[in-house]
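The next block holds one structure in the form of structure tokens; read it before the comments.
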Protein chains: 2
Amino acid sequence: MGITRYSFLLNVTYISNPFIPQAMKRDLLLYLAKRGLFEEINSTTASVSKALKTSQQTVSRWLRILADQGLIELETTNTGFSTTLTPKAIGSLQDGLAELKDILQPKTEVKGKVVSGVGEGRYYVERYMDRLEKAFGFKPYPGTLNLKIDMPRLRMFCMNERMVRVQGFKKEGREFGALDGMHAQLGNVKGAILFPKRTSHPEDIIEFIAPNNLRRQLKLKDNSEVKLR
Amino acid sequence: MGITRYSFLLNVTYISNPFIPQAMKRDLLLYLAKRGLFEEINSTTASVSKALKTSQQTVSRWLRILADQGLIELETTNTGFSTTLTPKAIGSLQDGLAELKDILQPKTEVKGKVVSGVGEGRYYVERYMDRLEKAFGFKPYPGTLNLKIDMPRLRMFCMNERMVRVQGFKKEGREFGALDGMHAQLGNVKGAILFPKRTSHPEDIIEFIAPNNLRRQLKLKDNSEVKLR
DNA sequence: ATTACTAGCAAGCGAGTAT
DNA sequence: TATACTCGCTTGCTAGTAA
């Protein structure tokens, strides 16, 4: 699942399921992992129970369960306990990480369709021009390409890219609000997506800016399909 | 924690705790997230219960609990249910991801101390020379720098780097075993760590190879402290 | 001090079934 | 068919306390 393991170092042979069986014990495992993935952890059931907001007895029981499941090596003395995570536990955490990564950071390609704007794109790009150039590193063609986008996928896309903020300003006696955008590539053309604060568009339409006139350069018409990266 | 959120897109205002409260429900949340982070999920409690190996009634109860906690929007009909994750749920998953990343992929710097080898490094580097050059992209100085390493941190380091395998071979009437290694930098010198299959070293000593004689180049003596990256 | 057993109690599960 | 309520039973918790 994208995570390489070095079995000769970790001595991992087989890892059963992505998350550890009974779920509350998982919190204890995470707590221990935080204290030291490969190191010996010395503590007491009382202090752990405080951290995990449960009872001393429960921590004691959980520790023994984790040990029974082969997730930790456990030694208890009359001054506390001492434990280390086993390769199985580390593998289990890695699987959990891989699973979450898989869910949260997938495919960064978004399909869109060219639509007609109401023509105000040009006006705004001209007003924001200097600031856009500074923010995105290119002088945008004065006009925007309006794209109808599959919103769920755009959200995914956004989660993996850095947002760029363009501060608002006053000019010609009126206020221009802040706007957020992010670098993106339409086909092979590097440009940026803009998310104006207030917009007259329906929610699933975004504006794309680029150094050149994209409709001409890429021979785009309304309903042309494009891919954002 | 390293994950940027775009509140204007996700409408996240405050996210309470990294993992969702009662832990078994977490499995359901993950299941739903896999089916679609931002999309509407249509299913039935019976089919989900099969996937999660629990009862139909339990899935029904869990769904209502997740909805009560504001983690999902839930609508039930007499043909099944329909749900979407809320920003709070996505934030919760992101926190979980960040937490695991934090635990499993931290600091990739390892301190080590120069120690004396038994002198066999030169012999082996000379025998493996061509293969090492092919594997790592540089012609190693015929000799190894032996480093005493903090093993837990080395394991961490290994988890984030790609392992390179050098196949074994026969030469001069004897067998030379396969060995694993990985690219690493000692100070500013690019080289590689070697993990021979069988070694006469204690477990916390590794061998470092580089294009030049490091002891001379970096004026290293026994007990000199070095940093691996 | 500790860990951890016992026992009584609370929470959670799921078969039956209402809606 | 669905969802979801009831209720008997199991699982798991924690106070008391032994070791």
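Chain letters run A, B, ... following the sequence lines, proteins first and then strands; every chain starts at 1.
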For [X] and [N], give me the distance from atom [atom1] to atom [atom2], rounded to whole Å.
X: B:I65; N: D:dA4; atom1: CD1; atom2: P; result: 12 Å
X: B:E75; N: D:dA2; atom1: CD; atom2: P; result: 18 Å
X: B:F81; N: D:dT1; atom1: CZ; atom2: P; result: 18 Å
X: B:W62; N: C:dA11; atom1: CH2; atom2: P; result: 18 Å
X: B:I72; N: D:dT3; atom1: CD1; atom2: P; result: 12 Å
X: B:D68; N: C:dG12; atom1: CG; atom2: P; result: 13 Å
X: A:R26; N: D:dG12; atom1: CZ; atom2: P; result: 18 Å
X: A:N42; N: C:dT3; atom1: CG; atom2: P; result: 11 Å

Would you say B:V226 and B:L147 make side-chain contact, with heavy atoms under 4.5 Å? yes
With heavy-atom distances below 4.5 Å as the criterion, would you say the side chains of B:L74 and B:T83 are in contact? yes
With the threshold set at 4.0 Å, does a side-chain nitrogen-carboxylate oxygen contact exist between A:D222 and A:R215? yes
Salt bridge B:R153-B:E109, side-chain N to carboxylate O under 4.0 Å: no
Between C:dG14, C:dT2, C:dT3, which nucleotide has the shortest distance from any of its atoms to the side chain of B:S55? C:dG14
Using modelled atom types only, decide if a donor and an acceptor are shared between the side chain of A:T144 and the backbone of A:N146 within a distance under 3.5 Å. no
Please answer whether the main-chain N or O of B:Y31 pairs with a side-chain N or O of B:R35 as donor and acceptor at a distance below 3.5 Å. no
Can you check whether [X] has a side-chain N or O nearer than 4.0 Å to OP1 or OP2 of [N]?
X: A:T76; N: C:dA4; result: yes
X: A:T54; N: D:dT14; result: yes
X: A:T79; N: C:dA1; result: no

Contact class for A:T58 vs. all strands (heavy atom < 4.0 Å): base, sugar-phosphate, or nothing? base
Which part of the nucleic acid, if any, lies within contact of B:S60, taking any heavy atom under 4.0 Å across all strands shown: a base, the sugar-phosphate backbone alone, or nothing? base
Will you find, in the side chains of B:S49 and B:T45, an N or O donor that is under 3.5 Å from an N or O acceptor? no
Can you check each nucleotide of nucleotides 5-10 of chain C against protein heavy atoms at under 4.0 Å and return B for base, S for sugar-phosphate only, - for none, in 5' to 3' order? B-----
